[in-house]
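Right, one structure below, let's go through it.
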Amino acid sequence: MWKDRRVLDLFGIERPIIQAPMAGANLSDMVIAVSEAGGLGSLPCALLSHDKAREELSRIRQATSKPVNVNFFCHRAPIVDAGREAAWKQRLRGYYLELGLDPDRPTPPSTRAPFDETFLGLVEEFRPEVVSFHFGLPQPDLLNRVKDAGAKVMSSATTVEEARWLEREGCDAIIAQGFEAGGHRGLFLTDEITTQVGTLALVPQVVDTVKVPVIAAGGIADARGIVAAFALGASAVQIGTAYLFTPEATISPVHREALKSAGAEKTALTNVFTGRPARGILNRIMREIGPIASDAPAFPLAGGALAPLRQKSEPLGSGDFMSLWSGQAAPLAREMSAGELTKTLAEEVLARLSSR
Ligand SMILES: Cc1cc2nc3c(=O)[nH]c(=O)nc-3n(C[C@H](O)[C@H](O)[C@H](O)COP(=O)(O)O)c2cc1C
């Protein structure tokens with residue numbers, strides 16, 4: 001049925017559709033639904049405590065025997081720069097006062113947990129078929145133990161150079177993450193966002209560079225995008241934003257409404273929410289202090305000072321101070337369950353390919 005079986009055979013899945021891990025936007029329900037539908041469901045762990053990750057993994061293993069992917073960030077812990085943090089807080093002071101908040105209260109911590117020994121213990125215990133990383137790869141000793149646990153490993157490349165590096169360091173597949181993609185850019189050999197490449201140009205260049213299979217990500221939300229990715233040489237696709245429209249997405253009503261609104265036609269890369277560039281729907285805080293702020297504290301510290309603003313405004317129905325992660329293809333997405341979306345996309349792709 002599928003001409004290119006490289007990713008299907010590598011991961012043991014039936015359909016070449018990987019649901020992108022989306023920290024803060026999906027938990028086990030989506031993973032189970034997608035994997036049961038023959039795609040590859042992905043559990044993002046960057047925002048989960050070790051205990052919560054264990055709970056979600058237990059649920060997944062009880063609910064499905066199909067292959068799953070578990071995803072981790074692997075950034076280096078930031079060096080805290082108190083002066084920079086104070087200046088950042090000062091920059092947000094007017095918003096605190098506007099919302100009736102005390103800007104002089106201590107800034108809450110902003111955590112995105114990088115892959116560590118404890119997460120590795122979970123990988124060794126639950127033995128997911130696939131482990132994916134964002135922001136490069138963990139230290140070689142940790143990576144080797146992930147592989148020893150039987151997992152196939154993949155990570156995001158945003159440039160040809162990153163793809164080459166990931167292959168050399170032992171990735172079994174490479175996700176070519178184009179500029180259109182929602183959420184954080186996986187960039188790790190560069191912090192130069194103006195030279196980031198779109199999916200249409202990136203995928204074939206990565207395909208020409210590496211021997212391992214390539215998975216296209218970024219701006220793909222319907223069968224046309226998937227067929228195009230295959231034409232460029234991708235063996236599978238990784239889709240995030242389109243899955244935000246499913247009931248399994250754990251996003252807030254404000255985020256869901258924003259995705260469905262005309263505003264979703266305008267997304268931008270911003271670092272104001274975490275300190276690293278990520279794509280989201282343009283909102284007030286991005287417009288007024290970003291979208292790229294050169295003085296934002298290092299990832300993930302920038303988010304701390306934003307948190308009280310979000311906590312106060314979001315329950316009132318405002319998306320002014322929160323990340324509304326979205327890729328550029330949100331207007332192409334349809335509302336249906338995650339399992340249905342996986343099957344529908346696969347069927348539509350096969351129909352298109354067979355009518356040629
Ligand atoms: C809400 C959201 C959260 C994301 N979180 C993660 C994450 O935790 N780990 C990761 O590897 N990629 C993450 N990504 C990026 C996706 O893996 C993928 O590159 C992207 O969704 C593809 O582009 P698309 O959104 O246009 O489909 C996230 C994307 C979105 C939209």
Side-chain angles (χ1 to χ4, degrees), residues 17-27 30-31 34 39-48 53 56 69-75 111-115 119 130-137 153-158 162 166 171 173-188 196 198-200 202-203 214-222 225-226 228-229 234 236-246 248-252 255-256 258-259 264 267 269-270 273-274 276-281 299-300 322-333 341 345:
I17 296 176
I18 298 163
Q19 163 251 314
M22 295 183 285
N26 87 275
L27 289 168
M30 191 184 289
V31 182
V34 172
L40 185 70
S42 305
L43 180 72
C45 292
L47 282 169
L48 304 185
E56 293 297 309
N69 170 35
V70 182
N71 170 264
F72 303 96
F73 283 1
C74 50
H75 55 284
T111 48
R112 294 282 197 292
F115 189 64
F119 278 133
V130 185
V131 170
S132 72
F133 294 102
H134 215 40
F135 314 136
L137 288 170
V153 171
M154 57 179 176
S155 182
S156 307
T158 68
E162 287 176 348
L166 290 173
C171 274
I174 285 166
I175 305 155
Q177 190 197 32
F179 190 66
E180 299 90 325
H184 282 97
R185 302 215 44 71
L187 76 189
F188 60 96
Q196 289 276 287
T199 305
L200 195 68
L202 181 65
V203 171
V214 175
I215 296 155
I220 301 168
D222 66 15
I226 301 175
V237 292
Q238 176 159 302
I239 296 179
T241 301
Y243 280 99
L244 294 176
F245 288 73
T246 69
E248 287 88 347
T250 55
I251 55 175
S252 69
H255 192 173
R256 208 174 272 279
L259 283 161
T267 66
L269 280 188
T270 183
F273 297 109
T274 64
R276 258 185 179 268
R279 184 174 295 283
I281 297 169
F299 181 84
M322 59 187 283
S323 55
L324 300 165
W325 299 146
S326 172
Q328 291 181 334
L332 297 174
L341 178 61
L345 287 173

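Indexing begins at 1, ligand by ligand and atom by atom, following the structure's order.
With ligand atoms numbered from 1 in the order given, ligand 1 contributes 1 (C) to contacts under 4.0 Å with heavy atoms of W325. Here is the list of ligand 1 atoms found below 4.0 Å of a heavy atom in G218: 22 (C), 23 (O), 26 (O). Each of the following atoms of ligand 1 lies closer than 4.0 Å to a heavy atom of A181: 20 (C), 22 (C), 23 (O), 26 (O). Every atom of ligand 1 with a heavy atom of I239 under 4.0 Å away is listed here by number and element: 27 (O).
Summarising the local packing, CD1 of I251 is surrounded by more than 12 heavy atoms from other residues, nucleotides or ligands at distances under 6.0 Å.
If you run side-chain contact (heavy atoms from CB on, under 4.5 Å) between I239 and each of L345, L341, I18, only L345 comes through.
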| task | Applying side chain to side chain donor-acceptor pair (under 3.5 Å), run through S132 and N69 and close with a yes or a no. | result | CA-CA 7 Å; S132 72; N69 170 35; 3.1 Å; yes
| query | Q177 and R185: side-chain contact (heavy atoms from CB on, under 4.5 Å), yes or no, with the steps? | reply | CA-CA 8 Å; Q177 190 197 32; R185 302 215 44 71; 3.9 Å; yes
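Summarising the contacts of atom 30 (C) of ligand 1 with R112, Q19, Q238, M22, the nearest heavy atom is found in M22. Distances from atom 28 (C) of ligand 1 to the heavy atoms of A20, P21, A23 show the closest one on P21.
Checked against side chain to side chain contact (heavy atoms under 4.5 Å, CB included), P114 has the following partners two or more places apart in sequence or in another chain: H75. When the salt bridge (Lys or Arg N to Asp or Glu O under 4.0 Å) test is applied to E162, no partner is found at least two apart in sequence or on another chain.
At least one side-chain heavy atom of L166 sits less than 4.5 Å from a side-chain heavy atom of L137.
Under 4.0 angstrom from ligand 1, the non-hydrogen atoms of F73 all belong to its side chain. Residue contacts with ligand 1, taken as heavy atom pairs separated by less than 4.0 Å, involve T241 via backbone and side-chain atoms alike.
For atom 19 (O) of ligand 1, the nearest non-hydrogen atom of the protein is Q177 NE2, 3.0 Å. When only non-hydrogen protein atoms are considered, atom 26 (O) of ligand 1 lies nearest to G219 N, 2.8 Å. Closest to atom 20 (C) of ligand 1 among all protein heavy atoms lies G182 O, 3.6 Å. With hydrogens left out, the protein atom closest to atom 27 (O) of ligand 1 is G240 N, 2.8 Å, a heavy atom. Nearest non-hydrogen protein atom to atom 11 (O) of ligand 1 is N71 ND2, 3.0 Å.
In terms of N/O distances under 3.5 Å, ligand 1 is approached by H134. Residue-to-ligand polar distances keep G327 apart from ligand 1: every N/O pair is separated by 3.5 Å or more. Taking distance alone, with nitrogen or oxygen atoms compared against 3.5 Å, S326 stays at or beyond that limit from ligand 1.
Judged purely by atom type and a 3.5 angstrom limit, T250 uses its side chain to pair as donor or acceptor with the backbone of A25.
Using the six-membered ring where Trp is involved, F72 and F115 have ring planes that are tilted, between 30° and 60° apart.
Residues W325 and H255 keep their aromatic ring centres 6.0 Å or farther apart.
Geometrically, R276 engages F299 in a cation-pi contact, judged by NZ or CZ lying under 6.0 Å from the ring centre and within 45° of the ring axis.
In this structure, A46 has no heavy atom closer than 4.0 Å to ligand 1. For S132, the closest heavy-atom approach to ligand 1 does not fall below 4.0 Å.
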